[in-house]
Amino acid sequence: MGFRTAPMSQGLSVAAPTAVERDALFTPEIRAQIDAWCAKYPAEWRQSATIPALHILQDANGGWLAQQQLDDLALYLGMPPIAVYEVASFYSMFDLAPVGRHKVCVCNSVSCLLGGSEGLIHHLEHKYGVGPGETTPDGKFTFKEVECLGACKDAPAVLIGRTYHEKVSPEALDKLIDGLE
Amino acid sequence: MTDKITIEIDGRTCEAAPGEMIIAVADREGIVIPRFCYHEKLSIAANCRMCLVEAEQGGRPFPKPVPACATPIAPGMKIQTRSKLALEAQRGTMEFLLINHPLDCPICDQGGECELQDVAMGYGGDFSRYSEGKRVVQDEDLGPLIATDMTRCIHCTRCVRFGAEIAGVREMGATGRGENMRIGTFVAHTVAHELAGNIIDLCPVGALTSKPYRFTARAWELTQAEGIAPHDCLGSNLHLHLRGNRVMRVHPRDNEAVNETWISDRDRFSYQGLASADRLLKPLVKRDGAWHETSWQDALNRAAEGLKAAAGPHGTGLGCLISPSATLEELYLAQKLVRGLGSDHIDHRLRRQDDRADTLGPTLPWLGLPIAEVERLAAVLLIGCDLRAEQPLLAHRIRKAAGEGAGVALVNPIALDLTFAATQFVASPAGMLAELAGIAKALNQQGTGTVKGLIAAATATDAHKAAAARLTEAGQGAAVLLGALAEAHPDFGLLQALAQVIAGATQAKVGYLVAGANGVGAGLAGAQPQSLPGGVPVPVPGLSAAAMLAHPRKGYLLWGLEPGLDLGNPAQAAAALGQAESVVACTAFRSPSLEAVADVLLPIAAFAETSGTFVNAEGAWQGFRGVVAPPGEARPGWKVLRVLGNLLGLAGFDQDDSAQVREELRALCAEAKLDNAPRGDLQDLPLSSQQAAKPRTWRVGTLPIYAVDPLVRRAQALQASPLALPFGVWLSPADAADLGLTVGDPVEVRQDGASAQAVLALDPRLPSGCVRIPAGVVGSESLGAQIAAVTLSKA
């Protein structure tokens, strides 16, 4: 059995936290939320809760994940830390450095590019002075270029927070940004 | 295999087992399919796509090329590895792989032996259509052994899979996505695993290379010779890569029965010690307390006179301590020489304190089963064994067994960091006996003598019962193995007795993980006080290593060891050797603790410089040649002994080469049988005086992985690795609090009149009443036995 098909809590040298150590991680509320996800999977597959747990931790940390959180999660779920880094660094919805109050994610994949997302990107860069991955000086939002959002039929698509906005023009984008706190 | 199926590769009909992958069948048939990510010892990733081939089944072609590494064969499958479609697919893959690969072969250490280079020559195009910028990946520092150039990485993930599947430690991974994916530790920490060096061999490109070897030679300048690893009882098979008269690097040589395709970092990088500045280059004699270079003739005469005078008319004044990593030929001739002078005082078991069991225990101990069988065991009980440090590759076999569901239990004076699930019984050296007695009790054993008392006093906990049940269920598929910490234990005899009781109740085999590269061979060669060559018992045994030092001799012959670091009780050794009238030391290295006591230093050849034989733990005689000349005037050890024998006028020292010595011994070993059955009743041995005194604090003197012999101790890269434990004092947090000590406190260690100072650190893996003070490292020379009572106080 390869390591992809075996739970990481087995067959690998993984630190097993004591009950005391585990209770020192996160807050009781966060632990309860993560445990709710773990309960959906077989006991030895706690690693399956990695992505929802990362969302929970990111929301609790102002929209980004600090390395200590990743290490704590690895300990909590019984995984080697590198396996958590792999997940957290793969998905564009996780940020590993501080971000603005909001995240404006513009799709840069083929349908959206054809539908005008390149114009949105230029607009953001020139009007707000932020390149991809950068945060406006007032900390209002972080502009991210992301891969396909799966909204090709109404391209171009922009994801702000957890809301999809489709067929977005530069003017519409300005309005959306003005509406942010 | 009954249901073989037939397939066709490139028009050739091949038999194969169902479920085999195309590439495995092709490899067996000698049909070359290019690959990067596939490795027969690792799981299948199928992410490099280099092994694409054309296939059809039942007359229907697959719609597109299939990866040979991840496509299981089916009856009647026809595979084309060199068709137009296959070659185009391979060329396409190659072009994509080279898009981001730098064209820096001239400055790449892998150049000339690079799989990417070779495959690009065979399957790639001759120009690049890519003119955009290439990506650059920042390097990571993985420590003193492995150099990185991650820009060259082609993401085959062999190193990642090696960590997860073989090493059992996931330190490396693939972070990021798409163009930004990179292989690394993400947080740039040193890779600390005793097998990590194997990722250098696995890496198909120049992304991971050997830091000590890097930029010192080109592959085409090297010649390859065969060798046997000189550090543990496995005897891993090696390829030595030489340039001129120098070992430039060491690679594994495939041998499924011993080391598969791996070697430990200790075997891989210890060659560095050969070039250390303190090699002994000329014979030295001590005159008026100062060392003077001299001729071999003079030195040998002095040595012969000294040995003869020390031996006296009955030989009893002479003792010989010889490294268990000496060659079989050296061990045999040394015992012949010592016995020729009338003495039976020769021993290779340098760290054994409890010699009371010598005549009762087995004469020729060994692993008790073939090495390859270890991974098929269903239950293993390890007694006194710092497994990963003592036997890195046997640890891998046991890990494989554990992965297949074997129950592994360990009885140790310190909890180990293992890479597999195991039950660890951690107890003080006194408690180890109680733990074993608990298992014996769970097996309803009564025992006799002392063991009876131990079992009666023990409680069989649920854990003991579970371990006992696993051993019983496994029946003949179980083994009870005794390691080096058991051998250093003051009650080694009773540990063996309990091991025998447990094995007897469960049909388990008893095995010994003997010290050194040639511990089994040393027994066969007769380099021990209780037996002659071939395991023939001596009527009145001579003195063991411990006894020779406890009852000082007039003279000593020391072979391949540093008294301060290689002997079980350095303080006692310094006193005994210091008072001797004559100490002749044959050594490859100068060493302060040797020079303090010796009178004559004779330079002998080290690893790779002498021909010889090692007998490994399973009893295989593995011969090797001297592939580089010893430096200076150093000479192969067997020749030195031969001439000494002649000078002393002893019979039987007229061999012309080492093969003759070996054949002479082989003839004596015709009847010899490696056997772990005790010859007497071990159960009646009384508790050692150490044990009886019920010490408040026990020293647990583990031997760090890179401190096992003089050669390893001089390999700089290994010494710089995080696994090279320095001298120090470790206590469990509770014990430290009890003694009123805190981390960083200077601590005075007193042991049997000896003392040393060190800084305190905490180690929660220690049981109560134990202090970890490593042996074999600089700073430990002034202390006593490895496992014994100590007292600690704030310095």
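Order of the sequence lines sets the chain letters (A, B, ...), proteins ahead of strands, with each chain counted from 1.
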| F96(B) CZ: over 12 foreign heavy atoms closer than 6.0 Å | no
| Is E86(A) salt-bridged to R177(B), going by a charged N under 4.0 Å from an acidic O? | no
| request: Check the surroundings of atom NZ in K41(B): do more than 12 heavy atoms from other residues, nucleotides or ligands lie under 6.0 Å from it? | output: yes
| said: With a sphere of 6.0 Å drawn around CD of E132(B), does it hold more than 12 non-hydrogen atoms of other residues, nucleotides or ligands? | reply: yes
| said: If you count heavy-atom pairs within less than 4.5 Å of chain B, which of S92(A), A88(A), S89(A) leads? | reply: S89(A)
| request: Assess whether atom CD of E125(A) is packed by more than 12 heavy atoms of other residues, nucleotides or ligands within 6.0 Å. | output: yes
| Could you walk me through whether I82(A) and V160(B) pass the side-chain contact (heavy atoms from CB on, under 4.5 Å) check? | CA-CA 10 Å; I82(A) 182 74; V160(B) 177; over 6 Å; no
| field | chain B contact via A83(A) - side chain, backbone, both or neither, heavy atoms under 4.5 Å | value | both
| field | Residue part contacting chain A, namely of M172(B), when any heavy atom lies under 4.5 Å | value | backbone
| task | Step through the shown structure and confirm whether more than 12 heavy atoms of other residues, nucleotides or ligands are within 6.0 Å of CH2 on W37(A). | result | no
